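So the structure is just underneath, and the comments pick up after that.
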2 protein chains.
Amino acid sequence: MKIDPDDKTDLSAQIAGAIREEIMAGRLIVDARLPSEAELADHFAVSRPTVREALKRLAAQSLIRTARGAFGGAFVNRLSYPEAYGQHITTSTLLLSMNRVSFDVACEARYALERACTPLAAERRTPDTLATMRAEIHRQAQPGLTDEAFCASDVTFHRALVDSAGNPVLSYQLAGAVEAMQPLMNMITFTARSREAILGLHTRIADALERHEAEATQAALGELESYTLTLGRDVMAARARPKG
Amino acid sequence: MKIDPDDKTDLSAQIAGAIREEIMAGRLIVDARLPSEAELADHFAVSRPTVREALKRLAAQSLIRTARGAFGGAFVNRLSYPEAYGQHITTSTLLLSMNRVSFDVACEARYALERACTPLAAERRTPDTLATMRAEIHRQAQPGLTDEAFCASDVTFHRALVDSAGNPVLSYQLAGAVEAMQPLMNMITFTARSREAILGLHTRIADALERHEAEATQAALGELESYTLTLGRDVMAARARPKG
DNA sequence: AGACATTTAAATGTCTGACAAATGAAAATT
DNA sequence: AATTTTCATTTGTCAGACATTTAAATGTCT
């Protein structure tokens, strides 16, 4: 585990990289204890603050956790699903919001991925995921709901749809696509009319899943994509026009 | 932008969280300059090393970049696709390797996602992505290839397939699924016989894409999934047996 | 006036040394 | 034996200092 003395980049970045390599290569396994900060400082011939900066970088990626006290220290962290979700959602959301990704492209990606889940979801949906979807449908029918709350409920509904596939890896991968769309969706003003249309499609999806009908689910999801695309395009077109 | 004085967690984590919030909420926009480390230390009533640890956490997530010199400082970073890819792949790979995710579950997720790309890929594949796929097929036919090199080539092939869909958001989301499978695939010993089978399916996929035939692509991909699953199960079964 | 060299202020990068706080093991005490 | 105390270890935080980098500002020469 060494660093390049000729490298111009930050020492803390180099050290973090070296340790990250060890973890990803499996040479540092889960729950293994790293040397103490003082020992690491000695090993890399740097000061303790520099080592600490490196460790904080790793902690930010949930690669390590630290504990104070006599037998504390930095330990290789078992990356949990919630931690991975958080990382993925943060990255996905910022990628979309910072790169002028068009509504169309984001929407296409999201629905393509969701469609990938429907055959599995129709087969494996549980009473639990169905109940979540029904509850969100009910919430979305409340007239007093703000647009933000409607969007948030929409996200919960779609996550339940994805979770129906019963594959945690799939859920993790989809989390980024679904959640990252929310800021874009939040730009849309949902009229009573559009809410009604979406609600109807959500109901069709839930019904089809309940009856284990993959094709019907797919069809309703396809219509939802088209409709969402229309709503989004209207908003984007209005924004693009001068004078607003 | 404040921190909770009652919070027990690290000050640097709190400060990083506060700044991250500002970025994700859009109150700190791309290329905006953060206050200098001294000013931040003053603002949060902490020392400069603590502020630096917070900034390193954000840098680890590519949320900020720093520059030295008179008009340097920390700037909100526009998250690029390559940076996002890297984050996603790191997280996905570790999630799979640290959580005893079964080969079946990972494989199912990966191929479900890839299938989501095939209709778009068949429609939009370019000479460029096709050329990449052909080149990798050619490489995979070399007899001297190690198992690791074969796997790496396989990843490149599948990424070209995903890129054929012409949707960068989709490519980004899929990168995690495809790359994270590689360590699991590396456990497999590819015999001449299995390489031949995979090669044949890869060729069928490339041919079908070239002819814009979505269904044929889908079918070949489905067979590849079944075959991969068989190979993986054999390996895992052998590993599970005592005495090896 | 314009081109080039020099200075300088501001910022990050790094180091040293120190103290506080937490933590679990070991020793001392009841 | 159970409980309390002590103690070494380790991370968390702070203060102050110096090194390095950078671009603007200044000075100098043609």
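In what follows, chains are A, B, ... by sequence order, proteins preceding strands, each numbered from 1. This is a predicted model, so every value here is computed, not measured. What's counted below: heavy atoms across the whole structure, side chains too, no hydrogens, waters or symmetry copies.
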Legend entry - Side chains of Ser12(B) and Arg57(B), donor plus acceptor under 3.5 Å: yes

Inset, instruction - Write out the stems for DNA chain D, ordered by first number and formatted as range with range, counting runs of at least 3 consecutive Watson-Crick or G-U wobble pairs under 3.5 Å. - result: C:1-30 with D:1-30

Inset, instruction - Report the distance from atom CG of Asp7(B) to atom P of dG12(D), rounded to the nearest whole Å. - result: 14 Å

Inset, instruction - Considering just the side-chain nitrogens and oxygens of Thr66(A), establish if one lies under 4.0 Å of OP1 or OP2 belonging to dG12(D). - result: yes

Legend entry - Minimum-distance nucleotide (side-chain atoms of Pro49(A) versus dT14(C), dT11(D), dT16(C)): dT16(C)

Inset, instruction - Can you tell me the distance, in whole Å, between the CD atom of Glu53(A) and the P atom of dG12(D)? - result: 14 Å

Legend entry - Interatomic distance, Phe44(A) CZ vs dT14(C) C1' [rounded to whole Å]: 16 Å

Legend entry - Donor on one side chain, acceptor on other, Glu53(A) and Thr50(A), under 3.5 Å: no

Inset, instruction - Figure out the CG/P separation between Asp10(B) and dA21(C), and round it to whole Å. - result: 15 Å

Inset, instruction - Kindly indicate whether the side chain of Phe103(A), heavy atoms from C-beta on, has any atom under 4.5 Å from the side chain of Arg233(A). - result: no

Inset, instruction - Examine dG12(D): is either OP1 or OP2 under 4.0 Å from a nitrogen or oxygen in the side chain of Arg52(A)? Give yes or no. - result: yes

Legend entry - Asp10(B) and its salt bridge (charged side-chain N to carboxylate O under 4.0 Å, His left out) partner, picked from Lys56(A), Arg65(A), Arg52(A): Lys56(A)

Inset, instruction - Starting at atom CG of Leu11(B), determine the distance to atom P of dA20(C), rounded to an integer number of angstrom. - result: 16 Å

Legend entry - Lys8(B) NZ - dA22(C) P separation (whole Å): 8 Å

Legend entry - From Ser47(A) atom OG to Glu37(A) atom CD, the distance as rounded to the nearest 0.5 Å: 11.0 Å

Inset, instruction - Would you mind building the protein contact string for nucleotides 5-10 of chain D? One character per nucleotide, 5' to 3', B for base within reach (heavy atoms under 4.0 Å), S for sugar-phosphate only, - for untouched. - result: ---BBB

Inset, instruction - Using only heavy-atom distances, determine whether the side chains of His158(B) and Gln182(B) contain a donor-acceptor pair under 3.5 Å. - result: no

Legend entry - Under-4.0 Å side-chain N/O to phosphate OP1/OP2 contact, Ser12(A) with dG13(C): no

Inset, instruction - Scan Lys56(A) against the nucleic acid and name what it touches under 4.0 Å (heavy atoms): base, sugar-phosphate only, or nothing. - result: sugar-phosphate

Inset, instruction - Would you check if there is a donor-acceptor pair between the side chains of Thr91(B) and Tyr172(A) at a distance under 3.5 Å? - result: no

Inset, instruction - Using distance alone, with no hydrogens and no angle criterion, decide if Arg20(B) and Gln61(B) have a side-chain donor and acceptor under 3.5 Å apart. - result: yes

Legend entry - Integer-rounded Å distance: dG24(C) C1' and Phe75(A) CZ: 12 Å

Inset, instruction - Report yes or no: do Tyr81(B) and Ser171(B) form a side-chain donor-acceptor pair below 3.5 Å? - result: no

Inset, instruction - Ignoring hydrogens and angles, answer whether the base of dT13(D) and the side-chain atoms of Arg48(A) contain a donor-acceptor pair closer than 3.5 Å. - result: yes

